[in-house]
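So the structure is just underneath, and the comments pick up after that.
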Amino acid sequence: MQRAAALVRRGCYPRTLGPWGRGQSSAAAEASAVLKVRPERSRRDRILTLESMNPQVKAVEYAVRGPIVLKAGEIELELQRGIKKPFTEVIRANIGDAQAMGQQPITFLRQTILKILVSGGGKSRTGVMIPIPQYPLYSAVISELDAIQVNYYLDEDNCWALNVNELRRAVREAKEQCDPKVLCIINPGNPTGQVQSRKCIEDVIHFAWEEKLFLLADEVYQDNVYSPDCRFHSFKKVLYEMGPEYSSNVELASFHSTSKGYMGECGYRGGYMEVINLHPEIKGQLVKLLSVRLCPPVSGQAAMDIVVNPPVPGEESFEQFSREKESVLGNLAKKAKLTEDLFNQVPGIHCNPLQGAMYAFPRIFIPAKAMEAAQTHQMAPDMFYCMKLLEETGICVVPGSGFGQREGTYHFRMTILPPVEKLKTVLQKVKDFHIKFLEKYA
């Protein structure tokens with residue numbers, strides 16, 4: 001309570017709004033009256049159409065809220081109208097909205113905007129290196145800004161590890177078509193759930209120093225580490241511990257958010273970006289761009305303040321805060337192990353250890369006849385699989401093709417956020433569906 005009161009004194013509280021509703025209704029009534037006396041005119045062609053819009057916008061894809069999710073919404077409406085299905089509810093296991101899945105909020109507090117500046121044309125266009133599989137917001141923003149996406153593949157056979165030799169291959173090949181300037185790391189991984197070792201982070205920093213790459217460290221799942229053999233290491237901390245040759249030269253932007261971790265406060269849209277070694281003039285340009293966006297809600301800023309300055313021993317809120325945080329992370333660790341174990345009992349499904357984050361990204365075997373059926377429906381094989389899973393079980397997951405995957409492999413991403421009993425139901429339904437799917441298309 002003392003900390004909460006201090007936040008209020010610092011101005012971190014919602015501002016009171018005036019009676020906008022009444023004025024808005026009056027204006028609407030006046031506009032309606034004017035429209036009634038105007039003669040009707042034939043509608044002219046729209047100025048903004050799919051043909052005339054910026055083609056970079058059309059190129060943007062975001063699989064997490066793609067066709068599968070639209071179909072899930074249609075099925076929910078059908079269930080509400082009483083249309084019979086082989087299930088009674090749609091279970092949305094596609095997104096990491098913790099509280100929508102029943103996770104209790106932290107009592108003491110109730111996304112990250114990632115801005116990449118690009119330039120050039122032809123071989124001088126900016127190349128942005130991203131992991132495959134990746135969080136599709138990255139590929140979407142790269143496409144929107146007309147940069148070049150440079151893929152580097154995580155090693156699935158080695159628990160989705162990051163290999164610097166793969167980074168070297170990606171840079172070498174990318175230089176034939178663009179100018180690689182940015183290297184993005186997601187740690188812990190989304191959708192893959194791996195946690196990078198300190199040695200790996202040191203190697204990545206050295207590689208960025210060698211190649212003069214701007215590092216982007218997406219660390220929004222830093223609290224979600226479940227494997228006893230793993231530990232989260234921040235890029236900033238490791239960078240400074242590597243000495244001044246690196247800490248004074250490597251440009252780094254780190255990201256964190258209230259939406260993930262133990263907080264799960266997606267609705268507040270609170271997050272931050274910390275930038276190291278940015279040129280002062282570039283910092284001015286960045287501040288200008290952020291200024292035209294205005295700012296996140298005050299409540300989101302207050303929540304973020306608490307994330308970076310949690311209660312400390314001796315404060316009134318500390319014991320309850322610590323108890324709730326440990327409970328949330330402990331439950332997630334149990335569900336991570338449960339998911340890994342149950343998936344690996346299913347023939348034709350393999351799931352790497354879920355070291356961190358809040359998703360499973362299992363590899364699935366899809367028979368040749370199922371691939372032919374997918375082609376008939378003009379779908380990727382894993383999209384076809386996930387659509388059938390939704391239609392037959394009510395479980396909504398995201399096909400791996402939306403995140404990127406090595407050619408010839410297929411996956412889906414599923415959150416581990418549902419309560420334990422519901423998660424067991426989800427996993428059993430996936431198991432039963434997968435076995436029937438293999439039998440049907442054998």
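We number each residue from 1, following the sequence as shown.
By the 4.0 Å N-to-carboxylate-O rule, Arg92 lies close enough to Glu76 to be salt-bridged with it. The pair Glu89-Lys422 counts as a salt bridge, with a side-chain nitrogen and a carboxylate oxygen less than 4.0 angstrom apart. Salt bridge annotation for Glu421-Lys424: present, with a cationic side-chain nitrogen under 4.0 angstrom from a carboxylate oxygen. For the pair Lys337 and Asp341, the salt-bridge criterion is met [side-chain N within less than 4.0 Å of a carboxylate O].
Contact annotation: the side chain of Val171 never approaches that of Val150 to less than 4.5 Å [non-hydrogen atoms, C-beta and beyond]. Within the 4.5 Å cutoff, no side-chain heavy atoms of Tyr152 are placed close to those of Ile132. Contact annotation: the side chain of Lys237 approaches that of Glu241 to within less than 4.5 Å [non-hydrogen atoms, C-beta and beyond]. The closest side-chain heavy-atom distance from Tyr272 to Phe255 is not below 4.5 Å. Leu423 places a side-chain heavy atom less than 4.5 Å from the side chain of Leu338. The shortest side-chain heavy-atom distance between Phe321 and Glu316 does not fall under the 4.5 Å cut-off. Inter-residue side-chain proximity for Cys184 and Met129 is flagged as unmet; no heavy-atom pair is nearer than 4.5 Å. Residues Phe214 and Val275 have side chains in contact (heavy-atom distance under 4.5 Å, counting atoms from C-beta outward).
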Salt bridge (charged side-chain N to carboxylate O under 4.0 Å, His left out) between Glu166 and Arg169, intermediate numbers included: CA-CA 5 Å; Glu166 170 63 10; Arg169 177 207 62 79; 2.6 Å; yes
Residue pair Asn249, Glu245: steps toward the side chain to side chain donor-acceptor pair (under 3.5 Å) verdict: CA-CA 7 Å; Asn249 293 291; Glu245 186 174 14; over 6 Å; no
Ile205 and Met242: CA distance, side-chain angles, deciding distance, side-chain contact (heavy atoms from CB on, under 4.5 Å) verdict: CA-CA 9 Å; Ile205 291 173; Met242 288 176 69; 3.7 Å; yes
Tyr153 and Asp155: CA distance, side-chain angles, deciding distance, side-chain contact (heavy atoms from CB on, under 4.5 Å) verdict: CA-CA 6 Å; Tyr153 289 88; Asp155 185 358; over 6 Å; no
Intermediate values then yes/no, side-chain contact (heavy atoms from CB on, under 4.5 Å), Cys159 and Gln355: CA-CA 9 Å; Cys159 202; Gln355 297 175 337; 3.6 Å; yes
Chi angles and distances behind the side-chain contact (heavy atoms from CB on, under 4.5 Å) call for Leu79, Val90: CA-CA 9 Å; Leu79 288 170; Val90 171; 4.3 Å; yes
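Between the OG atom of Ser248 and the OH atom of Tyr240 there is a distance of 7.5 Å, given to the nearest 0.5 Å. In this structure, the separation between CD1 on Ile186 and OH on Tyr135 is 9.5 Å, given to the nearest 0.5 Å. Between His256 atom NE2 and Met273 atom CE the span is 15.0 Å, to the nearest 0.5 Å. If you take NE2 on His434 and CG on Leu438, they are separated by 4.0 Å, rounding to the nearest 0.5 Å. Atom SG of residue Cys396 and atom CG of residue Leu389 lie 9.0 Å apart, to the nearest 0.5 angstrom. Taken from OG1 in Thr393 to CD in Gln428, the straight-line distance is 12.0 Å, to the nearest 0.5 Å.
Gln301 and Asp305 share no donor-acceptor pair across their side chains, judged by distance under 3.5 Å alone. Side-chain polar atoms of Thr192 and Gln194 form a donor-acceptor pair below 3.5 angstrom. If you check the side chains of Asp218 and Tyr138, you find a donor sitting under 3.5 Å from an acceptor. A donor-acceptor contact under 3.5 angstrom links the side chains of Asn224 and Tyr226, judged on distance only. Side-chain N/O atoms of Glu156 and His411 include a donor and acceptor closer than 3.5 Å. Checking Gln134 against Asn190 by side-chain atom types alone, no donor-acceptor pair falls below 3.5 Å. Ser124 and Asp179 form no side-chain donor-acceptor contact under 3.5 Å, judged by distance and modelled atom types alone.
Residue Lys85 qualifies as enclosed at atom NZ: its count of foreign heavy atoms under 6.0 Å is above 12. Surrounding CD of Gln375 are at most 12 heavy atoms belonging to other residues, nucleotides or ligands under 6.0 Å away. Residue Arg198 places its CZ atom among more than 12 non-hydrogen atoms of other residues, nucleotides or ligands, all under 6.0 Å distant.
The side-chain hydrogen bond (donor to acceptor under 3.5 Å, both in side chains) test with Arg168 singles out one residue from Glu173, Glu211, Glu210, and that residue is Glu210. Partner Val204 forms a side-chain contact (heavy atoms from CB on, under 4.5 Å) with one of Ile185, Leu213, Val238 and no other, that one being Ile185.
When all heavy atoms of Pro367 and Phe437 are compared, the pair lying nearest together is CD-CE2, 3.9 Å. The two residues Ile416 and Ala360 have their closest heavy-atom pair at CG2-N, 4.3 Å. Contact between Cys178 and Pro180 at its shortest, heavy atoms only, is O-CD, 3.4 Å. Scanning all heavy atoms of the two residues, the minimum distance from Lys325 to Asp223 falls at NZ-OD1, 4.2 Å. Pro133 and Leu154 get closest at one heavy-atom pair: O-CD1, 4.2 Å.
Outside the 6.0 Å centre-distance limit, the rings of His350 and Phe343 are not counted as a close aromatic pair. With ring centers used as reference points, Phe412 lies 6.0 Å or more from Phe361. The aromatic ring centroids of Tyr385 and Tyr410 lie 6.0 Å or more from each other.
Side-chain atoms of Ser247 come within 3.5 Å of backbone N or O of Gly243 as a donor-acceptor pair. A donor-acceptor pair is defined here as one N or O able to donate and one able to accept, closer than 3.5 Å; no such pair exists between the side chain of Asn187 and the backbone of Gly189. In this structure, the side chain of Ser322 does not engage the main chain of Glu319 through any donor-acceptor pair within 3.5 Å. With Asp203 contributing its side chain and Val164 its backbone, the two residues share no donor-acceptor pair below 3.5 Å. In this structure, the side chain of Thr409 does not engage the main chain of Gln405 through any donor-acceptor pair within 3.5 Å. Although no hydrogens or angles enter the test, the distance criterion places a donor-acceptor pair under 3.5 Å between the side chain of Thr258 and the main chain of Gly270. Distance alone, capped at 3.5 Å, is enough to place a donor-acceptor pair between the Lys335 side chain and the Pro418 backbone. With hydrogens and angles disregarded, a donor-acceptor distance shorter than 3.5 Å links the side chain of Gln222 to the backbone of Glu219. With hydrogens and angles ignored, the 3.5 Å screen pairs a side-chain donor or acceptor of Asp382 with a backbone N or O of Gly400. Side-chain atoms of Ser327 do not come within 3.5 Å of backbone N or O of Arg323 as any donor-acceptor pair.
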